[in-house]
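Contents: one structure, followed by commentary.
Note that the numbering runs from 1 along the sequence shown for the chain. In this text the structure is predicted, and so the values were computed from the model without any measurement.
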Amino acid sequence: RLLQSVFICIQKNLKLLSILTFLFGFRAFEGVIAVYFAAITGSFTIAMSVLAIMNLSASFFEIPTGIFSDHIGRKKTLVIYYFSSTLAILLFYFANSSALLVSGAIIAGFSMAMRSGTESAFVYENLEVLGKENEFQKMEGYRQSLGRYALVVSGILGAVIIFFFNIRAAILLTLIVLVIASLLSFRLS
């Protein structure tokens with residue numbers, strides 16, 4: 001009976017992580033983020049620098065996050081990823097200066113590093129308990145494809161929203177989806 005409840009909990013984890021992957025892949029403004037940053041900063045050079053800072057910070061924070069994930073656990077690390085990613089988008093939404101964009105970019109880089117490897121390890125460890133670790137590649141492929149589908153769906157929806165409203169409306173939609181997903185992340189076990 002205990003074993004059965006553990007299996008149900010793990011299956012719930014895997015389904016929920018797939019849903020979270022889709023929701024966090026939902027970036028309705030992703031295709032025009034440089035244009036949005038340039039509109040705020042007044043310069044495409046600064047806009048591209050903000051994107052570079054995001055990637056540099058992800059590389060910088062990458063070093064300790066694997067150890068961090070091992071020590072505090074996968075769930076806590078994923079919850080930190082989800083909330084820091086949402087915070088970054090919140091800063092982008094309210095940005096009216098380069099300083100807020102850079103702050104958001106650093107936090108986005110941190111969240112990218114928190115995610116790196118942690119989701120895959122979480123999936124593998126859950127499959128391992130089920131005795132299905134040989135299905136890891138299939139599950140990872142499925143989960144990652146959900147993130148790509150989310151980008152496609154959100155890109156199309158984002159284009160429509162930007163056409164009829166503006167880029168901030170697309171960011172707001174993304175932010176609403178991420179807040180919902182962040183709250184759902186507490187249901188991981």
Does [X] reach the side chain of [Y], with side-chain heavy atoms less than 4.5 Å apart?
X      : Y      : value
Ser185 : Leu78  : no
Leu23  : Leu178 : no
Arg143 : Glu140 : yes
Phe24  : Arg115 : no
Ile72  : Ile80  : yes
Tyr81  : Glu119 : yes

In plain terms, say whether Glu135 and Lys138 are close enough for a salt bridge, that is, a side-chain N and a carboxylate O under 4.0 Å apart.
-> no

Got a donor-acceptor contact below 3.5 angstrom from the [X] side chain to the [Y] backbone?
X      : Y      : result
Lys75  : Leu188 : yes
Thr174 : Ala28  : yes
Ser120 : Gly117 : no
Ser116 : Ala113 : no
Ser85  : Tyr82  : no
Ser154 : Arg27  : yes
Lys15  : Ile10  : no

Of all the heavy-atom pairs spanning [X] and [Y], show the shortest one and how long it is.
X      : Y      : result
Ser189 : Cys9   : OG-SG, 2.6 Å
Ser69  : Thr77  : CA-OG1, 3.3 Å
Leu146 : Phe22  : O-CD1, 3.3 Å
Leu20  : Ala181 : CD2-O, 3.2 Å
Ala34  : Leu51  : CB-CD1, 4.1 Å
Ala47  : Ala38  : CB-N, 3.4 Å

Between [X] and [Y], is there shared hydrophobic-cluster membership here, with clusters defined by ILVMFWY side-chain heavy atoms closer than 4.5 Å?
X      : Y      : result
Phe164 : Ile156 : no
Leu17  : Tyr142 : yes
Ile67  : Met114 : no
Phe163 : Val160 : yes
Leu175 : Leu151 : no

Mind checking the [atom1]-[atom2] spacing from [X] to [Y]? Nearest 0.5 Å is all I need.
X      : Y      : atom1 : atom2 : result
Ile53  : Ile46  : CD1   : CD1   : 10.0 Å
Ser103 : Leu91  : OG    : CG    : 6.5 Å
Thr21  : Leu16  : OG1   : CG    : 9.0 Å
Met48  : Thr41  : CE    : OG1   : 11.0 Å
Phe83  : Ile107 : CZ    : CD1   : 14.0 Å
Asn134 : Glu128 : CG    : CD    : 11.5 Å

Between Ser182 and Thr86, does any side-chain donor sit less than 3.5 Å from a side-chain acceptor?
->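 On atom types as modelled, these side chains qualify, holding a pair under 3.5 Å.
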
How would you list, by chain and number, every residue that makes a side chain to side chain donor-acceptor pair (under 3.5 Å) with Glu125, sequence neighbours excluded?
->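 For Glu125 the side chain to side chain donor-acceptor pair (under 3.5 Å) partners, ignoring immediate neighbours, are Arg74.
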
Residue pairs passing the ring pair (Phe, Tyr, Trp, His ring centres under 6.0 Å) test with at least one member in residues 35-67, sequence neighbours excluded, are Phe37-Phe92, Phe61-Phe110

Decide yes or no on side chain to side chain contact (heavy atoms under 4.5 Å, CB included) for Leu130 and Leu14, but give the supporting numbers first.
-> CA-CA 11 Å; Leu130 292 174; Leu14 295 172; 4.2 Å; yes

Audit row: Asn13, Phe122, side chain to side chain contact (heavy atoms under 4.5 Å, CB included) steps and yes/no = CA-CA 9 Å; Asn13 272 345; Phe122 187 77; 3.7 Å; yes

Between Tyr124 and Phe136, what is the ring plane arrangement, given parallel below 30°, perpendicular above 60°, and tilted in between?
-> perpendicular

Verdict with supporting geometry, Glu62 and Met112, side chain to side chain contact (heavy atoms under 4.5 Å, CB included) | CA-CA 8 Å; Glu62 184 73 32; Met112 290 163 53; over 6 Å; no

Taking atom CZ of Phe7 as the centre, does the number of heavy atoms from other residues, nucleotides or ligands within less than 6.0 Å exceed 12?
->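 Buried by this count: over 12 neighbours within 6.0 Å.
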
Report, as yes or no, whether the 6.0 Å neighbourhood of atom NZ on Lys12 holds more than 12 heavy atoms from other residues, nucleotides or ligands.
->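 Yes, NZ of Lys12 has more than 12 neighbouring heavy atoms, counting only those of other groups under 6.0 Å.
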
List the steps, then state whether side chain to side chain contact (heavy atoms under 4.5 Å, CB included) holds for Asn166 with Ile161.
-> CA-CA 7 Å; Asn166 58 32; Ile161 290 170; over 6 Å; no

